[in-house]
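When reading the values below, keep in mind they use all heavy atoms of this one structure, side chains included, and skip hydrogens, waters and symmetry mates.
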Amino acid sequence: MATTNKANLKITLVKSTIGALADQKATIAALGLHKTNSSVIKPDNDCVRGMIFKVKHLVKVEEA
């Protein structure tokens with residue numbers, strides 16, 4: 001059983017999605033990111049971590 005962390009993650013889009021694969025663009029949109037340097041706060045759970053892993057080369061992640 002995975003440990004549940006009550007912390008949140010601040011996810012920032014640091015690289016453009018131009019040239020990215022279609023599923024990576026969809027993942028960025030599903031995270032709620034639109035423009036470069038835009039940020040969102042998401043809960044730290046396995047679902048969000050999986051999305052971050054898929055686009056880890058486009059985003060910067062910090063604990064919030």
Side-chain angles (χ1 to χ4, degrees):
M1 183 172 160
T3 60
T4 56
N5 191 356
K6 299 295 181 188
N8 289 326
L9 298 173
K10 179 180 179 185
I11 307 164
T12 305
L13 183 62
V14 294
K15 194 171 178 190
S16 173
T17 57
I18 295 174
L21 300 175
D23 60 336
Q24 293 171 344
K25 290 181 184 181
T27 302
I28 291 294
L31 283 169
L33 297 167
H34 302 288
K35 296 182 177 182
T36 305
N37 293 323
S38 63
S39 297
V40 292
I41 304 289
K42 294 288 182 182
D44 186 5
N45 58 35
D46 292 338
C47 180
V48 173
R49 289 271 180 173
M51 294 170 83
I52 291 169
F53 182 78
K54 189 171 192 105
V55 293
K56 63 182 178 269
H57 59 290
L58 300 174
V59 298
K60 178 177 75 170
V61 181
E62 305 168 344
E63 286 192 19

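Note that CD1 of I11 and CD of E62 are 10.5 Å apart. Values are rounded to the nearest 0.5 Å.
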Table please: side-chain donor-acceptor pairs of residues 21-28 below 3.5 Å, with sequence neighbours left out.
| residue | atom | partner | partner atom | Å |
| --- | --- | --- | --- | --- |
| D23 | OD2 | K54 | NZ | 3.2 |
| Q24 | OE1 | L21 | N | 3.2 |
| T27 | OG1 | D23 | O | 2.8 |

Side-chain polar contacts of residues 30-43 - donor-acceptor pairs under 3.5 angstrom, sequence neighbours left out - could you list them?
| residue | atom | partner | partner atom | Å |
| --- | --- | --- | --- | --- |
| S38 | OG | H34 | N | 3.4 |
| S38 | OG | K35 | O | 2.6 |
| S39 | OG | T12 | OG1 | 2.8 |

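In the hydrophobic clustering (ILVMFWY side chains linked at under 4.5 Å, chained through shared members), I18 stands by itself.
Looking at heavy atoms from C-beta onward, E63 lies out of side-chain contact with D44 at the 4.5 angstrom threshold. Looking at heavy atoms from C-beta onward, V48 lies in side-chain contact with I52 at the 4.5 angstrom threshold.
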